[in-house]
Undergrad: 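First the structure, which I've put down as structure tokens, then a few questions once you've had a look.
What you see is a predicted model; the values in this text were computed from it and never measured. Note on naming: letters A, B, ... go to the chains in the order of the sequence lines (proteins, then strands), and numbering restarts at 1 for each one.
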Protein chains: 2
Amino acid sequence: MVDPQRLHGHILMRTRSQDVTDTLRGWILNGTLAAGDRLEEIPLATRLGVSRTPVRSALTALSNEGLVDYQPKRGYMVRQFDASEVFAAYEVRAAIEGLACRLAAANGVPADVEGKLRSCLAQGDRVLSKGRLEAADYEPYQLMNITFHNTIIELSGNSWVDRFVSQTHAVPFVSDRIILWHDYPVILRSHDDHHRITNALITGQGARAEDLMREHVYFAGLFLKENFHMIRQNPQWAA
Amino acid sequence: MVDPQRLHGHILMRTRSQDVTDTLRGWILNGTLAAGDRLEEIPLATRLGVSRTPVRSALTALSNEGLVDYQPKRGYMVRQFDASEVFAAYEVRAAIEGLACRLAAANGVPADVEGKLRSCLAQGDRVLSKGRLEAADYEPYQLMNITFHNTIIELSGNSWVDRFVSQTHAVPFVSDRIILWHDYPVILRSHDDHHRITNALITGQGARAEDLMREHVYFAGLFLKENFHMIRQNPQWAA
DNA sequence: CCGCCCATACATGTATACATGATGCCCATA
DNA sequence: TATGGGCATCATGTATACATGTATGGGCGG
């Protein structure tokens, strides 16, 4: 991926609007701002030490991302996502990431990408070989999982796949960054999917890779749905 | 669908920012603003008779929609979509609308929705029964086609499907609004797909409906790709 | 006592002034 | 002549003042 900071030899500026957007998105995703909270421009501007302008810009952006609801002259509100909407996002993700696998298999897997995938597999194997999960393993495993999925998406060469999957990630609870740690066998099986998907990709079995990925993502959504209420109440159980 | 103009008994205001956004989007989609054109705030503001503020707001929104490229301190540019990117959008649309069919079939088709679909079929049959296409038929056929697809998307009950398909439509040339009229047999076959899809939906054949819709949309993309250069040069051939 | 209406307070929408970084020209120098 | 640095210009980023629609609360009528 091209470094988005550099282009034409210039170091692209980072504007306050972008910073504020990222900050507010973070606050929404990590729960600092709860669903239903009103987002008032002046208090936010004061809190962030900027004027209303970048705040308004950020709210517009977040509204376009779908994270906040907007009504003219009535302001912005942190959007409420219920379980069915979150699950619906996984359904779509399953279809799109399945497509990504099919395309990736058709494109063929270059040696360096194969190495990257195998490295993800090895890392997951290492973590899971202990027969249980420890807190220290959460973050590395998350990163591995993100890398694995992103690698395939990138390999698909379809920018829309990337764009839409990114959008589904920008929703509380819908993310590879969310993993439920309390059920070791589920994670074990999930990582076994990674093995089979990699195998299918490398051997050019596009349809098989697609089916595997669809189920892989779909089940993650199903599992999340079943545990949704629990997670809402105890966000620390997910990471 | 709920009337977005009304909520809580209020008639929602329309802001200049929204008007400007819609105007500029229109100018981009209909070619008034060509790919690669720089979008400068002050000239646009002058041209539209507003200040820079709503223009900036609109440009931010269009940037989030992906219609314009943005680089901090360097401004906005109408995005260039090449043939491969346009085709990539159809690939994704095919996967998502296929999913919509599967979900719709699983949900079951209420009588009124079935009536709507059958009415679309009948209208298409009527237009095509003449054995050729006349200019006067373009717009009704387009509207029928849009209605048909939207009905299924709505029936899927998955808001993300709706959202993502809408996003792919907001790209020059990727739209049910674009139909290539010069090849009657292709349209005839396309409408035959509509018949089979409806049949599959009503009889609850989710997998069949999905496969049919995937191919239906995929082929539209393929056909567009093959004729892309022609259309670029003669936009009037598409409608 | 309840409900409606209007006035006032306030948040958001818009315009504009000011700050800052990008672009391009000019000229000095190799 | 080609190249590179510095300065002027201008578009964009931000702050703030002003305009306008919304919502709350108190008073009036039923």
Undergrad: D:dA11 C1' sits how many Å from B:Tyr70 OH, rounded?
TA: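 In whole Å, D:dA11 C1' lies 12 Å from B:Tyr70 OH.
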
Undergrad: Whole-Å distance between C:dA17 C1' and B:Ile42 CD1?
TA: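 It works out to 12 Å between those atoms.
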
Undergrad: Relative to the 5' end of DNA chain C, which residue comes earlier, B:Lys73 or B:Val50, by the nucleotide with the nearest heavy atom?
TA: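 Looking at the nearest nucleotide for each, B:Val50 comes out on the 5' side.
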
Undergrad: Could I get the full list of salt bridge (charged side-chain N to carboxylate O under 4.0 Å, His left out) partners for B:Glu114, not counting sequence neighbours?
TA: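 For B:Glu114 the salt bridge (charged side-chain N to carboxylate O under 4.0 Å, His left out) partners, ignoring immediate neighbours, are B:Arg118.
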
Undergrad: Angle between the two end axes of the helix from C:dC1-D:dG30 to C:dA30-D:dT1, five base pairs per end, rounded to 10 degrees?
TA: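 Angle reported: 10°, given to the nearest ten degrees.
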
Undergrad: Does the cation-pi check pass for A:Arg47 over A:Trp27, that is, NZ or CZ under 6.0 Å from the six-membered ring centre and within 45° of its axis?
TA: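 Here A:Arg47 passes the 6.0 Å and 45° test against A:Trp27.
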
Undergrad: According to the salt bridge (charged side-chain N to carboxylate O under 4.0 Å, His left out) rule, which pairs have a member within residues 20-34 of chain B, sequence neighbours left out?
TA: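 Only B:Arg14-B:Asp22, B:Asp22-B:Arg25, B:Arg25-B:Glu65 qualify under salt bridge (charged side-chain N to carboxylate O under 4.0 Å, His left out).
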
Undergrad: Salt bridge (charged side-chain N to carboxylate O under 4.0 Å, His left out) with A:Glu40: which residues, sequence neighbours excluded?
TA: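 If we apply the salt bridge (charged side-chain N to carboxylate O under 4.0 Å, His left out) test to A:Glu40, skipping adjacent residues, there are no hits.
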
Undergrad: Using heavy atoms to find the nearest nucleotide of DNA chain D for A:Arg16 and B:Arg16 separately, return the residue whose nucleotide is more 5′.
TA: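 Its nucleotide being nearer the 5' end, the pick is A:Arg16.
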
Undergrad: From the set D:dA23, C:dA15, C:dA22, return the single nucleotide nearest to any side-chain atom of B:Ser51.
TA: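 Closest nucleotide among those given: C:dA15.
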
Undergrad: For a quick check of understanding: with a heavy-atom distance under 4.0 Å over all strands, which category does A:Leu44 fall into, base, sugar-phosphate or nothing?
TA: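 Here A:Leu44 touches no strand at all.
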
Undergrad: Which residues satisfy the salt bridge (charged side-chain N to carboxylate O under 4.0 Å, His left out) test with B:Arg214, sequence neighbours excluded?
TA: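 For B:Arg214, the residues satisfying salt bridge (charged side-chain N to carboxylate O under 4.0 Å, His left out) (neighbours in sequence not counted) are A:Glu210.
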
Undergrad: To the nearest Å, how far apart are B:Gln18 CD and C:dT12 C1'?
TA: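 After rounding, the gap between these two atoms is 13 Å.
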
Undergrad: Hey, is the side chain of A:Arg38 poking within less than 4.0 Å of OP1 or OP2 on C:dC10, counting only N and O atoms?
TA: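 No.
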
Undergrad: Could you tell me which residues satisfy side-chain contact (heavy atoms from CB on, under 4.5 Å) with B:Asn107, sequence neighbours excluded, listed by chain and number?
TA: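 B:Asn107 satisfies side-chain contact (heavy atoms from CB on, under 4.5 Å) with no residue once adjacent residues are dropped.
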
Undergrad: Mind calculating the distance between CG (A:Asp37) and P (C:dA11) to the nearest angstrom?
TA: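 That distance rounds to 16 Å.
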
Undergrad: State which residues pass salt bridge (charged side-chain N to carboxylate O under 4.0 Å, His left out) with A:Arg16; sequence neighbours excluded, sorted by chain then number.
TA: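 With neighbours one apart ignored, the set is empty.
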
Undergrad: Rounded off to whole Å, could you give me the CE-to-C1' distance for the A:Met77 and D:dT22 pair?
TA: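 Atom CE in A:Met77 sits about 16 Å away from atom C1' in D:dT22.
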
Undergrad: List the residues meeting side-chain contact (heavy atoms from CB on, under 4.5 Å) with B:Gln167, not counting sequence neighbours, and say none if there are none.
TA: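 Checked B:Gln167 against side-chain contact (heavy atoms from CB on, under 4.5 Å); matches are A:Arg163, A:Phe164, A:Gln167, B:Arg163, B:Phe164.
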
Undergrad: Please work out which residues in residues 52-68 of chain B have a non-hydrogen atom less than 4.0 Å from an atom of DNA chain C and list them by number.
TA: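 Residues of residues 52-68 of chain B under 4.0 Å from DNA chain C: B:Arg52, B:Thr53, B:Pro54.
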
Undergrad: Does the side chain of A:Asn30 come under 3.5 Å of the side chain of A:Thr32 through a donor N or O and an acceptor N or O?
TA: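 Side-chain D/A pair, A:Asn30 to A:Thr32: present.
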
Undergrad: With a 4.0 Å cutoff (strictly under), does any side-chain N or O of A:Thr15 reach OP1 or OP2 of D:dT12?
TA: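 Looking at the OP1 and OP2 atoms of D:dT12, neither is under 4.0 Å from any side-chain N or O of A:Thr15.
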
